[in-house]
Amino acid sequence: MLIPTTPAPPVATLSTGANASITVSVQLTVQGKTYNLPNCEVYITEQRPDVSKWGLYLKNPQVSHNNLQQIKASLNSSIIHKKGQTDANGQVSFTDLEANTYFISTAHDATQRGLQWSVQHQVKPGQNVLVLSAKNRTP
């Protein structure tokens, strides 16, 4: 004898995190004029890396090879999620991120001491934008 059955309801899929993307702009303002900074390597990491000497190293690579090694080691130990480079307009976009709090880090040799950023930023579901400028620069 066959027992009538009803189909089981579909199994719900658990989401591990909402899909997000972010566009990062790197800018410098000098005497009231804003300049976009191209060719910046931008890192999205889980923990704050130590980038305190990164800008100085980029400005004067002869300062110390060890500084560069320390910076790279700090970035790697901070768990890199994404890495990119700003275009001619000073922007880089990252896709396929989980919504989460990350550190967005970069450096540029535009000033005498160099510039560096390591900004904690909450990436929300959907499209996000972050402008790295003098207002959120790492001293």
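The CG atom of L115 lies 11.0 Å from the OG atom of S133; values are rounded to the nearest 0.5 Å. Annotation: the span from Y43 atom OH to S105 atom OG amounts to 10.0 Å, rounded to 0.5 Å. Rounding to the nearest 0.5 Å gives a distance of 8.5 Å between OG of S25 and CG of D87. Between the CG atom in L28 and the NZ atom in K33 there is a gap of 12.0 Å [rounded to 0.5 Å]. Atom OG1 in T106 sits 7.0 Å away from atom CG in L132 (nearest 0.5 Å). Expressed to the nearest 0.5 Å, how far CG of N100 lies from CD of Q122 amounts to 8.5 Å.
Between D96 and K82 there is a side-chain heavy-atom pair separated by less than 4.5 Å. The shortest distance between side-chain heavy atoms of V92 and Q85 does not fall below 4.5 Å. Counting heavy atoms from C-beta on, the side chains of T45 and I79 never come closer than 4.5 Å. Between Q27 and V131 there is a side-chain heavy-atom pair separated by less than 4.5 Å.
Remark: side-chain polar atoms of H108 are paired, donor with acceptor, to backbone N or O of P38 under 3.5 angstrom. Side-chain N or O atoms of N136 include none that pairs as donor or acceptor with a backbone N or O of Q120 at under 3.5 Å. Side chain of S78 to backbone of S74: a donor-acceptor contact under 3.5 angstrom is found.
Summarising the geometry of R137 relative to Q116, their closest heavy-atom pair is CG-O, 3.3 Å, with the distance given to 0.1 Å. The nearest pair of heavy atoms linking F94 to G84 is CE2-N, 3.6 Å.
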Stepwise side chain to side chain contact (heavy atoms under 4.5 Å, CB included) test for T86 and V24
CA-CA 8 Å; T86 59; V24 178; 5.9 Å; no
Residues N36, V26; criterion side chain to side chain contact (heavy atoms under 4.5 Å, CB included); working and verdict:
CA-CA 6 Å; N36 298 321; V26 183; over 6 Å; no
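Here the rule is side-chain contact (heavy atoms from CB on, under 4.5 Å) with L130, and of V123, T23, I22, V42 only I22 fits it.
With no hydrogens or angles considered, no side-chain donor-acceptor pair links S21 and T95 at under 3.5 Å.
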